[in-house]
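Worksheet: one structure, shown below.
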Amino acid sequence: PSSEQPKMHPAKDVNVLVLAHPVQGHINPMLQFSKRLASMGLRVTFLIPMSTEKSLNLVNASSIQVEYISEGLDNVEVDKLSIDEYLEHLRVSVSRSLSDFIQKHQSCQENPAKVLIYDSIYCWALDMAMEHDMHGASFFTQCVVSCIYYLVHQGTVKLPVEAVDGQGRVLSDPPVMSVLGPNDFPSFVVDVDKYPAILKLVLGQFSNFRKAKWLLFNTFTELEEELVNWMGNQWSLMTVGPTIPSVYMDKRLEDDKDYGLSLFEPEAEACLRWLDSKPPRSTVYVSFGSLASLGEDQMEELASGLRSMKSHLLWVVRESEEKKLPRNFMQELGLDDDKKGLVVRWCNQLQVLSHGSVGCFMTYCGWNSTLESLSLGVPMVVMPQWTDQPTNATFIVEVWKVGLRVKANERGVMTAEEIESCVNEIMGGERRKEIRENSLKWKEIAKLAIDKGGSSDKNIQEFVSNVLDLGT
Ligand code: UDX
């Protein structure tokens, strides 16, 4: 039965390979899942397609072996490639390096891996695994609801999406989908002509997924219960999240304080010093993750809203975005110890979200940021940009009720006034209490899910048992 501890093999020599996509929001959950598998007796080799290790800060992943495989971009001018060309190049190069790696692994290991866990957007990795007599586990770094919409778009499943009520909302089964208005679906589905190459990539996740032996999702059952059950009735999916370092969750793994592998250098000390000097729940943490890029107008509105709000500020502005900050913005925040806000290029987000001085997270709703905020009980102000973020944002506000959404005006801009008003409301307005209580409720549920005997823990135990059975 799944709730029992998996059989531990005395030699601890059951290997698995894990293939990640080299983007922070994809590395983190797969790395964390790998560490959990290693703690349960599997020998995990974590593969990252990346020519150089120089830019990586490998902090804490000693329980697994990390290997860099070539993504074949050494002699390529990436800036000159279209997204389509880049993705095709990546597919061809990484599948070649993966195949070479597996061959080498199989020839030199006494007990070579029988399982490849791969990022679901690398659907071709499954064919590669099967060619080498391995089973595949597709790991989804998005939530179930977004995946259902990709499946609908692809025509694999049918929801009565044509049934729309008076407010333009979709009436559907499972009923929770009815919270999504036509613009809340993942952006690649709403505007199919904007990023056709990425649409192809996300739909590709479902091209061969029936051949994967396991479908692993970084979510937890209670969070998307109706959808997990609905999808689980058709395919055998396993929820294994939230994949957040143990020290923040169930404290099961010793010395597991961080994801372990950062593509950016966090200014951790400066953030901690800043937060330590602030009263409880007085600071707004703002970050748009590792990929999003705001337009200059939008950046100006955001800066202006954050300057005028009542709370303290900790804002992550990546180096590539810094030039869009309004001139004098830093001086206006103040330069002495009493200043209103701190701007850094990158932080340790989990450390920040779990700090008592943080009162809310202004986020673009990348799935990892969403799960992290929910699991650490931090209310959100949401400003989704693209991909799965509009869908995540709608669920944050309307289903889990842990945040407020900054509405865009008729020109699609989120104004300074609207930003300031949402932040002030969540930090000190009428909705504050209700939203905070809901956030703390989800924090507890997330902990229970990953803790011993919880829904995700049982699934992970079952997965490990399955893998160990194959390994004998
Ligand atoms: C991408 C997509 O944008 C997202 O929608 C999809 O669901 C996953 O892949 P990314 O842009 O990397 O994600 O954002 P997000 O999913 O939020 O992940 C960012 C990760 O970086 C988080 O785990 C967060 O903890 C970490 N982070 C972010 C930091 O450690 N420091 C920061 O300053 C910002």
Side-chain angles (χ1 to χ4, degrees), residues 20-33 56-57 59-60 119-122 139-147 149-150 185-189 195 198 201-202 205 217-219 224 241-245 247-249 257-268 270-272 274-275 285-294 313-322 342-355 358 361-376 378 380 382-396:
H21 177 56
V23 165
Q24 197 68 62
H26 289 250
I27 292 175
N28 286 357
M30 294 195 77
L31 188 59
Q32 196 57 34
F33 184 62
L56 298 175
N57 302 306
V59 182
N60 175 26
D119 190 309
S120 58
I121 61 172
Y122 287 175
F139 189 102
F140 291 79
T141 62
Q142 316 114 76
C143 56
V144 174
V145 56
S146 304
C147 290
Y149 258 90
Y150 294 136
F185 307 147
S187 66
F188 308 128
V189 174
Y195 296 105
I198 309 187
L201 180 78
V202 293
Q205 299 176 104
F217 278 82
N218 182 22
T219 185
E224 303 188 84
T243 54
I244 293 180
V247 72
Y248 298 100
M249 301 302 292
K257 298 183 172 33
D258 202 346
Y259 282 117
L261 228 166
S262 182
L263 300 175
F264 304 83
E265 190 79 58
E267 297 180 44
C271 293
L272 275 187
W274 171 256
L275 292 173
Y285 165 56
V286 184
S287 172
F288 286 76
S290 67
L291 295 172
S293 159
L294 298 183
L313 167 69
L314 172 57
W315 187 4
V316 173
V317 181
R318 294 192 318 275
E319 197 175 353
S320 54
E321 296 285 286
E322 271 173 354
L342 178 71
V343 178
V344 294
R345 288 180 170 171
W346 194 253
C347 72
N348 180 330
Q349 182 159 296
L350 290 169
Q351 216 172 53
V352 169
L353 287 175
S354 60
H355 197 287
V358 172
F361 179 15
M362 175 173 281
T363 172
Y364 77 148
C365 315
W367 182 240
N368 295 286
S369 293
T370 302
L371 261 188
E372 290 164 8
S373 205
L374 271 162
S375 306
L376 296 173
V378 181
M380 287 173 257
V382 303
M383 290 182 62
Q385 303 296 304
W386 69 326
T387 172
D388 52 349
Q389 297 151 15
T391 314
N392 301 340
T394 307
F395 269 61
I396 289 169

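Just follow the structure's listing: the first ligand is 1, and inside any ligand the first atom is 1. Computed from a predicted model, the values in this text were never measured in an experiment.
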Under 4.0 Å between heavy atoms, the region of Leu291 that gets near ligand 1 turns out to be both
For Asn28, the atoms of ligand 1 under 4.0 Å from one of its heavy atoms are 20 (C), 21 (O), 22 (C), 23 (O), 26 (C)
Query - Leu350 touching ligand 1 at heavy-atom level, < 4.0 angstrom - result: no
Distance col, row Trp386:CH2 vs Ser293:OG, nearest 0.5 angstrom, shows 9.5 Å
Worked check of side-chain contact (heavy atoms from CB on, under 4.5 Å) between Cys143 and Phe217
CA-CA 7 Å; Cys143 56; Phe217 278 82; over 6 Å; no
closest protein heavy atom to atom 17 (O) of ligand 1 is Ser369 OG, 2.5 Å
In ligand 1, the atoms that come under 4.0 Å of a heavy atom of Tyr259 are 23 (O)
Here the atoms of ligand 1 under 4.0 Å from any heavy atom belonging to Ser290 are 10 (P), 11 (O), 12 (O)
To the nearest 0.5 Å, atom CE of Met30 lies from atom CZ of Phe139 at 6.0 Å
>> If you measure every N or O of Gly25 against every N or O of ligand 1, does any of those distances drop under 3.5 Å?
In response: yes
message: Working note: Leu374 + Met380, criterion side-chain contact (heavy atoms from CB on, under 4.5 Å); need CA distance, chi angles, decisive distance, verdict.
response: CA-CA 9 Å; Leu374 271 162; Met380 287 173 257; 4.2 Å; yes
Exercise. Do you see a donor-acceptor pair shorter than 3.5 Å between the side chains of Glu372 and Asn368?
Worked result: no
Requested in this report: Tell me, please: is Glu372 in heavy-atom contact with ligand 1, that is, under 4.0 Å?
Outcome: yes
* Hey, does Gln142 come in under 3.5 Å of ligand 1, counting only N/O atoms on both sides? -> no
Evaluate the ring planes of Phe188 and Tyr195, with Trp represented by its six-membered ring, and classify them as parallel (under 30°), tilted (30 to 60°) or perpendicular (over 60°).
perpendicular
for atom 10 (P) of ligand 1, nearest protein heavy atom and its distance come out as Tyr364 OH, 3.0 Å
Are Trp386 and ligand 1 in contact, using a heavy-atom cut-off of under 4.0 Å? no
* **Donor + acceptor pair across side chains of Tyr259, Gln24 (<3.5 Å)** => no
**Geometric class of the His26/His21 ring pair [parallel <30°, tilted 30-60°, perpendicular >60°]** = perpendicular
Requested in this report: Check the pair Cys271, Leu314 against side-chain contact (heavy atoms from CB on, under 4.5 Å), reporting the backbone distance first and the verdict last.
Outcome: CA-CA 8 Å; Cys271 293; Leu314 172 57; 4.1 Å; yes
Of Gln385, Gln24, Arg318, Gln351, the one whose closest heavy atom lies nearest atom 21 (O) of ligand 1 is Gln24
At under 4.0 Å between heavy atoms, what of Ser287 touches ligand 1? The answer is side chain
the protein heavy atom lying closest to atom 7 (O) of ligand 1 turns out to be Asp388 OD2, 2.8 Å
Check: of Trp315, Phe288, Trp346, Phe140, min heavy-atom distance to atom 29 (C) of ligand 1 comes from Trp346
Original post:
Taking N or O atoms only and a 3.5 Å limit, does Val316 qualify as a polar contact for ligand 1?
Top reply: no
Checking heavy atoms under 4.0 Å, the part of Asn368 that sits near ligand 1 is both
*N-O pairing of Arg345 and Glu267 below 4.0 Å*: no
Within the 4.0 Å heavy-atom cut-off, what Gln349 brings close to ligand 1 is both
Separation between CZ (Phe33) and OG1 (Thr243), nearest 0.5 Å, reads 9.0 Å
Here the gap from Gln205 atom CD to Ser120 atom OG, rounded to the nearest 0.5 Å, amounts to 3.5 Å
For atom 33 (O) of ligand 1, the closest protein heavy atom turns out to be Cys347 N, 3.1 Å
